[in-house]
Amino acid sequence: MPELPEVETVVRGLQTVLPGRRILAVRLDKTDFIENPEAIEEELPGSRIIAVRRYGKFLVFDLESPKGNSRAAALLIHLGMTGKLITHPAGAPVVPHTHVFFSLDDGRELRYTDIRRFGSIRFLPESTSSSALGKLGLDPLEATQTEFLAQLHGRRARIKALLLDQTVFRGMGNIYADESLWRARIHPARLATNLREDQLHRLYGSVQHILNEAIRLKGSSISDYVDSEGKRGEFQLRHRVYQRKGEKCFRCGSAIGRVIIAGRSSYFCPRCQRSPRARGVKRPASSTRTKSR
DNA sequence: CTTACGGCCTGGGTGC
DNA sequence: TGCACCCAGGCCGTAA
């Protein structure tokens, strides 16, 4: 599942081959996940890729039009769950579910493969600072601790939901939200507004640490994620809670639990990450110090 | 406005 | 062999 570290890894790979390259031809197969396929077929051939960037979970190709007009066009790609963007030698065998082919002027071909087609591609004729990207929140790796705290201040939503909300923090996803919360020892269902300052500080540090480590290890290859050269990441070997329901917590040995928050599976350690119920609610002193639920 | 939730898109994996 | 079902992430509509 491409989240921030996976997209960052793909971007860094593409940055070594794409800038300066001209797109000679475009071939589209299935187009139901492309917002404006006609515009792509019309505008991309002949244009040059100036830069490749990550914006949240989006890849952005900045383009220079062949027609010389200096309007900054861009191609926006979201990998969804199963999207892959890989450069191939021309004529390499085409794997199933490959829907988009960009022929480059160095003989290579950039191909987009997406089994589920939960990804999306969009051509932006004007500036990239428009619509789609405009609503996205802070990049968690660029945010200072102060900015990070301000983004959560007073929010009564559950912390996990806020970490997943792209208008709060762009790029966070399910894996890294769970891993960060485990590291910070914060239960995913805690309301952000109820977290103590030291917990928020810990969360900020954990998010930074987890994301940087994941980038260093080139992402998590859970199902079939691979980078722009088709290579797998290794951060899945460092997962402490994600998809580890019933297995032992690396810190305390308790069985990892799973709850649904914001419609997503959330993995956590019931002992290291105390549930909101277990702490906030006053209960009779006689009551046994109970566990789960 | 904020938050929660259900449904939809697609197809691989699983279990009967 | 077949097939119903679950699940994943983003997004949208609806309701409180």
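Just so we're on the same page: letters track the sequence lines, and every chain starts at 1.
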Under 4.0 Å, heavy atom to any atom of DNA chain B: which of residues 241-249 of chain A qualify? none
Reckon R264(A) has a side-chain N or O less than 4.0 Å from the OP1 or OP2 of dG9(C)? yes
Indicate yes or no for a side-chain donor-acceptor contact from Q273(A) to the backbone of I186(A) under 3.5 Å, with no hydrogens or angles considered. yes
Distance, rounded to the nearest Å, where R116(A) contributes CZ and dG12(B) contributes P: 7 Å
Regarding T144(A) and Y204(A), is there a side-chain donor-to-acceptor distance under 3.5 Å anywhere? no
What I want to check is whether the side chains of S206(A) and S180(A) have a donor and an acceptor closer together than 3.5 Å. no
Under the criterion of centre distance below 5.5 Å and interplanar angle below 30°, is F118(A) classified as stacked on the base of dG10(C)? no
Residues in ring pair (Phe, Tyr, Trp, His ring centres under 6.0 Å) with H97(A), at least two apart? none
What I want to check is whether the side chains of S266(A) and K160(A) have a donor and an acceptor closer together than 3.5 Å. yes
D32(A) CG to dT10(B) C1', straight-line distance once rounded to whole Å: 9 Å
Answer yes or no: does a side-chain N or O of S265(A) lie under 4.0 Å from OP1 or OP2 of dA8(C)? yes
Between P on dC6(C) and CD1 on I260(A), what's the gap in Å once rounded to a whole number? 13 Å
Answer yes or no: does a side-chain N or O of R158(A) lie under 4.0 Å from OP1 or OP2 of dA4(B)? yes
Specify the separation, in whole Å, of atom CG of L79(A) and atom C1' of dG9(C). 12 Å
May I have the distance from L191(A) (atom CG) to dA4(B) (atom P), rounded to whole angstrom? 7 Å
To the nearest Å, give me how far apart CE (M81(A)) and P (dG13(B)) are. 12 Å
Return all side-chain donor-acceptor pairs below 3.5 angstrom for residues 79-96 of chain A, not counting sequence neighbours, or 'none' if the list is empty.
residue	atom	partner	partner atom	Å
T82(A)	OG1	D114(A)	OD1	2.6
T82(A)	OG1	I115(A)	N	3.4
T82(A)	OG1	R116(A)	N	3.0
K84(A)	NZ	D224(A)	O	3.4

Residues R117(A), D32(A): salt bridge by 4.0 Å N-O rule: yes
Would you say H78(A) reaches dC11(C)'s phosphate, i.e. side-chain N/O to OP1/OP2 under 4.0 Å? no
Expressed in angstrom and rounded to an integer, what is the separation of N174(A) atom CG from dC7(C) atom P? 13 Å
Measure from CZ on F33(A) to P on dC11(C) and round the result to the nearest Å. 16 Å
